[in-house]
There are 2 protein chains.
Amino acid sequence: MTIKMSDIAKAAGVSLATVGRVLHNNGYVSEEKRQEIERIIKETGYIPNRIAQGLKKSRSKIIGHLTLFNPNMQYQEISSAVNAAAAESGYQVLTLTCHQGSGEEEQQINDLIGHRVDGVIITSYQALSQEWIGRLLERQIPVVMVERTYDMPLVDRIVVNDLAGSKEAVRHMLHKGHRRIAFVGAALDYQVEKDRYAGYLEALKEAGIVPLEQWSQLMPGYSVEAGRKAIDELLHARVSPTAVFMTSDIFACGVLQVLYERGLRVPDDLSLIGYDNTLSALLSPPITSVGLPFEKIGDHAIRLLLRRMEDPGVSACSVGIDPFLMDRHTVRERQEEQSL
Amino acid sequence: MTIKMSDIAKAAGVSLATVGRVLHNNGYVSEEKRQEIERIIKETGYIPNRIAQGLKKSRSKIIGHLTLFNPNMQYQEISSAVNAAAAESGYQVLTLTCHQGSGEEEQQINDLIGHRVDGVIITSYQALSQEWIGRLLERQIPVVMVERTYDMPLVDRIVVNDLAGSKEAVRHMLHKGHRRIAFVGAALDYQVEKDRYAGYLEALKEAGIVPLEQWSQLMPGYSVEAGRKAIDELLHARVSPTAVFMTSDIFACGVLQVLYERGLRVPDDLSLIGYDNTLSALLSPPITSVGLPFEKIGDHAIRLLLRRMEDPGVSACSVGIDPFLMDRHTVRERQEEQSL
DNA sequence: GTGAAAGCGCTAACAC
DNA sequence: GTGTTAGCGCTTTCAC
């Protein structure tokens with residue numbers, strides 16, 4: 001049998017309430033008894049039963065995190081940041097990792113509700129429809145969405161300024177003298193990808209460049225294979241690009257593989273910039289990538305959740321996060337005369 | 001207010017017990033009432049409160065998973081597999097990710113105990129001393145260790161047959177005609193690394209080869225940087241190797257970077273095999289790697305936990321898992337006359 | 001077939 | 001300063 005509060009009380013010859021006062025450090029307890037109770041707690045290694053606390057207080061002190069399994073590591077990074085931030089506020093995180101398109105949503109949402117989580121963070125969960133989120137809201141469970149968000153009342157959002165991120169990346173290429181710049185991204189079904197594509201187009205527009213249609217490779221999803229296909233197309237373009245901006249490091253993996261096979265070098269033969277700043281550091285060569293401040297994202301997510309727990313009716317807010325460019329020198333300097 | 005069992009009972013005009021019988025599908029309930037109760041449950045979207053269930057049954061239906069944050073993705077894979085296996089048995093997983101050497105252990109163990117997890121899976125947690133594991137055992141919480149294990153009574157283990165894995169990798173190189181084969185691993189503080197090194201040595205011994213001391217690069221830890229340093233040493237060896245076996249894909253990242261910088265190609269100039277089969281598929285070129293069957297590991301971990309929950313006194317057992325060689329053709333065929 | 005009731009371990013309002 | 005007590009939502013034994 002595990003030791004419980006009443007055991008402590010009995011051993012110390014006091015009531016449950018007094019033990020409770022010592023544990024929560026509130027109310028008056030004589031110094032003498034306090035010492036004695038603390039001694040017994042330490043000695044017996046008593047740890048309060050969170051389940052009982054949860055039942056009593058209608059707070060589980062557990063936060064749910066719905067995320068995707070993904071070969072890229074950004075979700076792992078966010079998950080880690082969320083865990084750390086939650087722990088600081090005395091919460092634990094129940095992470096449910098969904099495999100895209102698996103139809104596990106209902107079960108997962110029910111599991112979270114069943115455990116009476118105090119809030120839910122949804123990270124880049126493309127597959128999760130508003131209906132499921134509604135199930136949480138009905139029950140007054142605060143929800144924060146990260147990166148791929150819906151504009152729903154009562155749902156707070158953390159929005160990465162992807163337009164600025166991709167614009168900065170493409171501008172970096174422009175400053176280095178590139179004018180034939182290609183884009184590799186996923187289908188424009190989601191806001192993130194729309195923004196990243198818009199950033200690309202805007203930066204070019206500022207420079208007075210109209211990109212060839214062939215230079216925009218919009219792939220069905222994020223994968224190494226998609227990266228391979230994209231670069232294959234680009235290398236066969238009527239006018240081939242001198243630089244390629246990709247909306248995910250996972251595309252970069254495929255791109256680098258094809259270049260490697262053909263004996264083309266980065267940045268000598270082609271300049272590259274990726275996105276997420278996760279895998280990019282591990283590749284050959286390590287590539288410049290747009291990075292996200294993961295800890296900041298985790299902190300904000302928890303903060304928004306806590307805010308809404310205190311005041312469930314507060315109107316939804318949207319926190320903007322600025323990405324940064326992690327330069328690993330994979331954009332080559334080009335001379336004027338070389339440009340198109 | 002969330003809806004609860006008594007609400008269902010009231011709406012159906014029956015007692016709590018009858019609703020309970022319907023929910024758990026045991027005991028006799030008239031078909032009529034059953035239908036009515038089921039209808040109301042569906043209509044109201046009632047979801048049982050796991051916290052109350054947990055308190056009553058002294059079972060949280062939560063399993064703890066202690067793991068490491070790591071740029072390699074093996075833990076993410078294992079985590080995913082554990083989640084899936086747990087879900088199949090009606091459990092959820094509370095994953096606590098530790099950053100090596102951070103001293104978070106006590107807090108994390110206490111959190112798990114506080115939540116009264118029904119069992120704990122410990123994955124490759126080099127930093128976790130037996131003392132902390134003892135805290136769990138004292139409380140009769142079943143523990144399964146994966147990969148880096150201690151030989152403790154009542155602790156079940158999942159042991160990867162790393163000796164066989166690395167032996168197979170090195171034999172593969174030998175079959176292809178290599179005789180100058182180098183080893184890049186982490187310090188031999190842990191059994192995994194000892195086994196992997198032993199497999200390397202045994203395979204060479206079988207072939208009657210005595211490796212140069214310089215060919216064994218035992219690095220302080222797993223990192224890209226360590227991979228870079230190791231290959232640097234190997235390229236400057238008195239007699240340079242034609243093939244390199246690495247105990248982690250993360251080393252391969254660094255190795256490939258250095259080779260790339262020097263214009264050396266894989267497998268033309270150097271043959272490579274990695275370990276874990278995670279990052280290896282993403283690199284340029286994708287490299288042959290020793291892979292672990294992650295789902296199997298997750299399944300076994302959960303199975304062992306469930307077994308011990310039923311029968312806490314059962315003697316500790318150790319499940320062996322065989323790795324496999326994922327061939328991506330990064331070991332070049334060598335002619336006889338080229339060998340040493 | 002169905003219901004009443006005790007109690008899981010803890011919290012907090014209230015009484016002394 | 002300290003103790004008593006009424007639940008939190010559910011399970012399950014026992015009685016009818």
Side-chain angles (χ1 to χ4, degrees), chain A residues 1-38 40-41 44-62 90 110 113-118 139-141, chain B residues 1-38 40-41 44-62 90 110 113-118 139-141:
Chain A
M1 247 7 274
T2 42
I3 180 150
K4 53 200 178 198
M5 241 175 100
S6 60
D7 297 327
I8 305 287
K10 206 178 297 171
V14 299
S15 73
L16 278 178
T18 305
V19 178
R21 287 187 188 103
V22 172
L23 282 172
H24 304 108
N25 210 16
N26 65 13
Y28 297 97
V29 181
S30 70
E31 198 46 36
E32 196 184 6
K33 294 198 174 174
R34 154 165 273 119
Q35 300 258 333
E36 173 68 357
I37 292 170
E38 277 171 350
I40 295 176
I41 288 175
T44 54
Y46 167 71
I47 295 176
N49 184 334
R50 293 258 207 167
I51 296 188
Q53 291 179 324
L55 183 59
K56 180 68 196 170
K57 306 212 286 188
S58 301
R59 287 193 165 267
S60 61
K61 287 285 182 175
I62 294 187
N110 285 352
I113 295 173
H115 280 292
R116 298 297 187 266
V117 295
D118 295 333
R139 290 176 168 79
Q140 308 254 39
I141 301 175
Chain B
M1 245 10 274
T2 44
I3 180 150
K4 52 199 177 197
M5 241 175 101
S6 60
D7 297 326
I8 305 288
K10 207 178 296 171
V14 299
S15 73
L16 277 178
T18 305
V19 177
R21 286 186 190 103
V22 171
L23 281 172
H24 303 107
N25 210 15
N26 66 14
Y28 296 98
V29 181
S30 70
E31 197 47 35
E32 196 184 4
K33 294 199 173 172
R34 154 164 274 119
Q35 300 257 333
E36 173 68 356
I37 292 170
E38 277 172 351
I40 296 176
I41 288 176
T44 54
Y46 168 69
I47 295 176
N49 183 333
R50 293 258 207 168
I51 296 188
Q53 291 179 322
L55 183 58
K56 182 66 197 170
K57 305 211 286 188
S58 301
R59 290 192 163 268
S60 60
K61 286 282 180 179
I62 293 186
N110 285 352
I113 295 173
H115 280 292
R116 298 298 188 263
V117 294
D118 294 333
R139 290 174 168 81
Q140 308 254 39
I141 300 174

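Bear in mind that the values here come from a model prediction, so they are computed numbers and not experimental data. So you know, we letter chains A, B, ... as the sequences are listed, proteins then strands, and number each from 1.
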Exercise for the section: Supply the atom-to-atom distance Leu23(B) CG to Ile41(B) CD1, rounded to the nearest 0.5 angstrom. Expected result: 4.0 Å
Exercise for the section: Return the set of residues passing side chain to side chain contact (heavy atoms under 4.5 Å, CB included) with Asn25(A) (not counting sequence neighbours), or none when no residue passes. Expected result: Arg34(A)
Exercise for the section: Take atom CG of Asn26(A) and atom P of dA12(C), then tell me their distance rounded to the nearest Å. Expected result: 8 Å
Problem - Rounded distance (Å) that lies between atom P of dC10(C) and atom CG of Leu23(A) - result: 9 Å
Exercise for the section: Work out how much the helix from dG1(C)-dC16(D) to dC16(C)-dG1(D) bends between its end axes, five pairs an end, to the nearest 10 degrees. Expected result: 50°
Handout entry: Euclidean distance, atom NZ of residue Lys61(A) to atom P of dT11(C) [Å, nearest integer]
Key = 12 Å
Handout entry: Those residues that, when tested against Ala12(A), pass side chain to side chain contact (heavy atoms under 4.5 Å, CB included) (two or more places apart)
Key = Val14(A), Glu36(A), Ile37(A), Ile40(A)
Handout entry: Value rounded to 0.5 Å, distance of CZ in Arg21(B) from OG in Ser15(B)
Key = 6.5 Å
Problem - Length of the NE2-P vector between His24(A) and dC10(C), whole Å - result: 9 Å
Problem - Atom-pair distance (CD1 on Ile8(A); C1' on dT11(C)), nearest Å - result: 16 Å
Completion exercise
When rounded to the nearest 0.5 Å, the distance separating OH of Tyr46(A) from CG of Asp7(A) is 9.0 Å
Problem - Phosphate contact (dG9(D) OP1 or OP2) by Tyr46(B) side-chain N/O below 4.0 Å - result: no
Practice task
Quick one: list whatever passes salt bridge (charged side-chain N to carboxylate O under 4.0 Å, His left out) with Arg50(A), sequence neighbours left out.
Solution key: Asp111(B)
Handout entry: Rounded distance (nearest 0.5 Å) linking atom CD1 of Ile8(A) with atom OG1 of Thr18(A)
Key = 13.0 Å
Practice task
Quickly work out the Asn49(A) CG to dT11(C) C1' distance and round it to whole Å.
Solution key: 13 Å
Practice task
Heavy atoms under 4.0 Å is the rule here; annotate nucleotides 2-8 of chain D 5' to 3' with B where the base is hit, S where only the sugar-phosphate is, and - elsewhere.
Solution key: BBB-BBB
Handout entry: Rounded distance in Å - CZ (Arg139(B)) to C1' (dG9(C))
Key = 15 Å
Exercise for the section: Round to the nearest Å and state the distance from Ile51(B) atom CD1 to dG9(C) atom P. Expected result: 16 Å
Handout entry: Residue-phosphate contact under 4.0 Å: Gln53(A) side-chain N/O, dT11(C) OP1/OP2
Key = yes
Problem - Ile47(B) CD1 to Arg116(A) CZ distance, which is reported to the nearest 0.5 Å - result: 7.0 Å
Exercise for the section: Please identify each residue that fulfils side-chain hydrogen bond (donor to acceptor under 3.5 Å, both in side chains) with Glu31(A), with sequence neighbours left out. Expected result: Gln35(A)
